[in-house]
Amino acid sequence: GALVYQYPRRTICKSGTSMRMECQAVGFQATSVAWYRQSPQKTFELIALSTVNSAIKYEQNFTQEKFPISHPNLSFSSMTVLNAYLEDRGLYLCGAREGNSGNTLYFGEGSRLIVV
Amino acid sequence: GDSVTQTEGPVTVSESESLIINCTYSATSIAYPNLFWYVRYPGEGLQLLLKVITAGQKGSSRGFEATYNKETTSFHLQKASVQESDSAVYYCALGDHYGSSGNKLIFGIGTLLSVKP
């Protein structure tokens, strides 16, 4: 079956430092990857959409300068939270999809960022 | 705009009781809305529970059902008899059907369900 693994599951970082998280698709080819964040007391919010061989599309309020994403092949993606501050804390989810039409988004378990 | 509104939790029911978690949506910019219910069990990742891509159709999984009602813009989640193992957070979500924008899911706030033995 299709599985998505995320690493690390949880990170505590000091304010102003950066955190890199990884997303691995197993059992399918992740042509598209979406990164979401769930901040405390909020629902999941899309950060950016990444499609192999296409430009990464960031949502309003999120920038490449703050959340650089790499999607080098059909099984792996990574995102870094640069200069993390309190407002960046939350659960970061990677959702991967195979193909380009109506397929299910498979999510990893998430990487939780705690900023101190 | 596009949005999803669902029952605010926490919702507490006793085992074997029936359950309904309401979900309504607004899809003003999505040409072909797909509707989803995702579930997050304690300590686990977000899993797809069921999805429906065609208005008027019903999706079902693990005893849960939801009907895509375009007239009332609703996608309520129902189960006739819940079990303690159904305790989880349930998210209603709206997505597009085609193209890379199909990756963009708009989630509801999530409903925490606690089933008492």
Side-chain angles (χ1 to χ4, degrees), chain A residues 1-7 9-10 23-26 30-60 62 69 71 77 91-112, chain B residues 1-10 21 23-25 29-55 57 59 61 68 88-112:
Chain A
L3 294 171
V4 174
Y5 291 103
Q6 283 189 252
Y7 178 83
R9 294 288 304 276
R10 184 172 176 265
C23 176
Q24 182 85 38
V26 177
T31 51
S32 300
V33 172
W35 285 93
Y36 286 82
R37 179 175 72 188
Q38 185 183 36
S39 301
Q41 310 305 320
K42 292 187 178 179
T43 191
F44 297 100
E45 185 180 21
L46 181 66
I47 297 171
L49 294 175
S50 171
T51 303
V52 171
N53 299 325
S54 294
I56 298 169
K57 185 179 175 186
Y58 286 82
E59 291 292 293
Q60 197 174 12
F62 296 98
I69 290 171
H71 190 180
S77 177
L91 181 69
Y92 289 80
L93 276 189
C94 162
R97 186 173 73 146
E98 181 176 35
N100 201 35
S101 172
N103 289 314
T104 300
L105 206 60
Y106 297 100
F107 286 95
E109 294 180 344
S111 293
R112 184 169 296 282
Chain B
D2 303 321
S3 64
V4 173
T5 303
Q6 66 181 97
T7 301
E8 286 204 30
I21 299 177
C23 172
T24 57
Y25 68 91
S29 69
I30 297 176
Y32 301 96
N34 288 184
L35 295 171
F36 305 80
W37 277 102
Y38 279 85
V39 59
R40 191 151 185 252
Y41 297 102
E44 297 185 17
L46 199 62
Q47 303 173 24
L48 178 67
L49 178 61
L50 56 87
K51 75 171 183 179
V52 180
I53 63 173
T54 305
Q57 298 293 314
S61 174
Y68 184 161
V89 182
Y90 293 81
Y91 295 91
C92 184
L94 165 71
D96 204 341
H97 188 74
Y98 292 108
S100 61
S101 56
N103 284 9
K104 181 174 181 176
L105 292 177
I106 296 163
F107 286 92
I109 194 68
T111 301
L112 173 62

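Naming convention: chains lettered A, B, ... in sequence-line order (proteins, then strands); numbering from 1 in each chain. Hydrogens, waters and symmetry mates play no part in the numbers below; they use all other heavy atoms, side chains included. Only a predicted model underlies this, so the values are computations on that prediction, with no experimental measurement involved.
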With the side chain counted from C-beta on, respond yes when A:Gln38 and B:Tyr91 share a heavy-atom pair under 4.5 Å apart, and no when they do not. yes
Is there a donor-acceptor pair under 3.5 Å between the side chain of A:Tyr36 and the backbone N or O of B:Leu105? yes
Let me know which of B:Phe36, B:Tyr38, B:Phe107 forms a ring-ring contact (aromatic ring centres under 6.0 Å, His included) with A:Phe44. B:Phe107
Could you check A:Leu91 against B:Arg40 for side chain to side chain contact (heavy atoms under 4.5 Å, CB included), going step by step and ending with a plain yes or no? CA-CA 13 Å; A:Leu91 181 69; B:Arg40 191 151 185 252; 3.4 Å; yes
Please classify the contact between B:Leu46 and chain A as side chain, backbone, both or neither, with a heavy-atom cut-off of under 4.5 Å. both
Is it the case that more than 12 heavy atoms not belonging to A:Tyr7 sit under 6.0 Å from its OH atom? no
For B:Lys104 versus A:Glu59, what's the shortest heavy-atom pair and its separation? NZ-OE1, 2.8 Å
Correct closest heavy-atom pair for A:Gln41 and B:Ile109 would be O-CD1, 4.0 Å
Greater than 12 external heavy atoms within 6.0 Å of B:Glu44's CD: yes
